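Shown next, in structure tokens, is the structure this report addresses.
Just so you know, these numbers use all the heavy atoms, side chains as well, and skip hydrogens, waters and symmetry mates. Indexing begins at 1, ligand by ligand and atom by atom, following the structure's order. Note that the structure is predicted; figures quoted are calculated from it, not measured.
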Amino acid sequence: MKTHVLVVAGSDSSGGAGLCRDIETISALGLRSAAAITAITVQTHDRVEQVQPVDPALIAAQMRAAFAANHVGAVKIGMLGMAGAIDAVAAVLAEHATLPMVLDPVLVSSSGHMLLQADAVAGLRSKLMPLCRVITPNLPELAALTATFEAGDADEAVRQAGLLIRDGACAVLVKGGHASGRQATDILVEQGGAPTPFSMMRLAATMRGTGCALASGIAAGLACGQPLTTAVERAKRLVFERLVKER
Ligand code: PLP
């Protein structure tokens with residue numbers, strides 16, 4: 001049976017981010033996707049017009065059916081929207097605790113719309129983070145998760161990631177796309193190890209859904225049994241190649 005990545009995420013009608021981007025990425029890496037939709041969003045590339053959360057019981061039922069139907073090799077978690085969704089997702093994933101899981105802590109769209117209610121951040125940190133092999137915040141998300149200011153340099157970003165590790169995260173990949181400089185550097189911080197930087201030339205291109213694609217790419221790599229650093233490296237290269245085509 002072909003290995004699937006279970007994507008637990010919101011839909012985006014524009015196709016720029018969310019579920020479409022996830023499936024596209026997983027497919028580019030040769031794997032199949034199964035899906036549990038957490039929210040239906042009405043979006044163009046410039047704005048979020050509507051968000052319809054899916055009932056938490058329906059999210060859990062989609063996940064259970066996806067597990068029953070397929071060989072799931074990894075899980076990618078994206079937009080969750082509300083605290084109820086986090087509880088439902090964490091409860092199902094606790095039944096599959098040995099699977100590699102990648103959490104993209106989606107908080108706000110690039111157009112500025114909140115995609116996770118503020119009171120749900122604590123649940124993301126306490127209930128989902130400890131289940132995951134890696135979480136992939138950008139600098140504003142890392143600041144929100146640690147209730148601090150956005151890191152101004154790599155040392156501060158590593159320090160903030162350390163706070164999440166102390167709270168039970170296994171590894172944190174801090175995405176440097178929001179920083180400046182000639183290189184776009186992501187830093188992987190793991191429990192007990194030295195931080196590992198992953199650098200790529202910064203491109204004068206923008207593309208929506210790069211965070212979704214990176215997390216899905218990492219999940220696909222982990223589903224194939226790759227070590228985390230290899231999965232990160234390959235997913236980053238895939239996103240970079242997509243960005244080159246967008247220029
Ligand atoms: N919409 C959905 C459903 C998402 O999952 C995400 C990010 O993960 C976004 C929007 C935000 O993407 P962007 O910041 O590229 O607009």
Side-chain angles (χ1 to χ4, degrees), residues 5-26 33-56 58-59 62-63 75-86 88-89 101-118 120-121 124 128-129 132 134-145 150 172-179 184 186 202-220 235-236 238-240 242-243 245-247:
V5 175
L6 171 57
V7 179
V8 181
S11 71
D12 168 0
S13 45
S14 74
L19 194 60
C20 292
R21 196 60 100 186
D22 294 322
I23 294 172
E24 180 182 294
T25 306
I26 292 160
S33 304
I37 299 185
T38 55
I40 296 167
T41 77
V42 179
Q43 298 191 53
T44 64
H45 293 310
D46 303 319
R47 62 184 186 281
V48 178
E49 294 175 358
Q50 288 184 56
V51 175
Q52 176 67 57
V54 171
D55 186 320
L58 194 52
I59 299 173
Q62 292 176 77
M63 291 173 70
V75 181
K76 184 259 154 136
I77 308 155
M79 176 185 172
L80 291 162
M82 300 199 317
I86 292 174
V89 169
M101 303 175 198
V102 180
L103 172 63
D104 180 17
V106 178
L107 303 183
V108 184
S109 72
S110 46
S111 56
H113 193 96
M114 291 292 288
L115 296 174
L116 182 71
Q117 287 181 348
V121 173
L124 200 65
L128 268 183
M129 250 178 30
C132 292
V134 62
I135 68 164
T136 62
N138 57 31
L139 293 172
E141 287 162 350
L142 182 61
L145 284 169
E150 195 173 315
V172 180
L173 180 69
V174 183
K175 295 178 292 195
H178 285 69
D186 297 347
R202 187 177 293 280
L203 291 171
T206 54
M207 184 180 89
R208 294 192 50 236
T210 50
C212 303
L214 183 69
S216 289
I218 296 169
K236 261 192 80 81
L238 182 77
V239 172
F240 181 84
R242 284 299 313 272
L243 270 167
K245 286 187 194 147
E246 291 287 316
R247 283 194 302 178

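In Gln52, the CD atom is not crowded: 12 or fewer heavy atoms of neighbouring residues, nucleotides or ligands sit closer than 6.0 Å.
Expressed to the nearest 0.5 Å, how far CD1 of Ile135 lies from CG of Leu128 amounts to 10.0 Å. Distance check, rounded to the nearest 0.5 Å: CD1 of Ile77 to CE of Met129 gives 12.0 Å. Here the straight-line distance linking atom CD of Gln50 with atom NE2 of His113 works out to 10.0 Å at 0.5 Å rounding. Between the OG atom in Ser109 and the CG atom in Asp46 there is a gap of 10.5 Å [rounded to 0.5 Å].
Residue Ser11 places a heavy atom under 4.0 Å from ligand 1. Residue His45 places no heavy atom under 4.0 Å from ligand 1. Taking a 4.0 Å cut-off on heavy atoms, Cys212 registers as neighbouring ligand 1.
The distance criterion of under 3.5 Å between nitrogen or oxygen atoms is not met by Asp12 with respect to ligand 1. Here's the thing with Gly209: one of its N/O atoms is less than 3.5 angstrom from an N/O atom of ligand 1.
Closest of all the heavy-atom pairs between Val5 and Lys76 is CG1-N, 4.2 Å. Between Ala120 and Ile86, the closest heavy-atom pair is O-CD1, 3.4 Å.
Every atom of ligand 1 with a heavy atom of Met79 under 4.0 Å away is listed here by number and element: 3 (C), 5 (O).
Contact annotation for Leu115 and ligand 1: only side-chain heavy atoms (C-beta onward) come within less than 4.0 Å of the ligand.
Atom 12 (O) of ligand 1 has as its closest protein heavy atom Ala17 CB, 3.4 Å. Among all protein heavy atoms, the one lying closest to atom 5 (O) of ligand 1 is Gly18 CA, 3.6 Å. Here the protein heavy atom with the shortest distance to atom 14 (O) of ligand 1 is Ser110 N, 2.9 Å. The nearest heavy-atom contact from the protein to atom 2 (C) of ligand 1 is Gln43 NE2, 3.7 Å.
With Asp12 as reference, Arg208 is the one residue of His45, Arg208, Arg21 to meet the side-chain hydrogen bond (donor to acceptor under 3.5 Å, both in side chains) rule.
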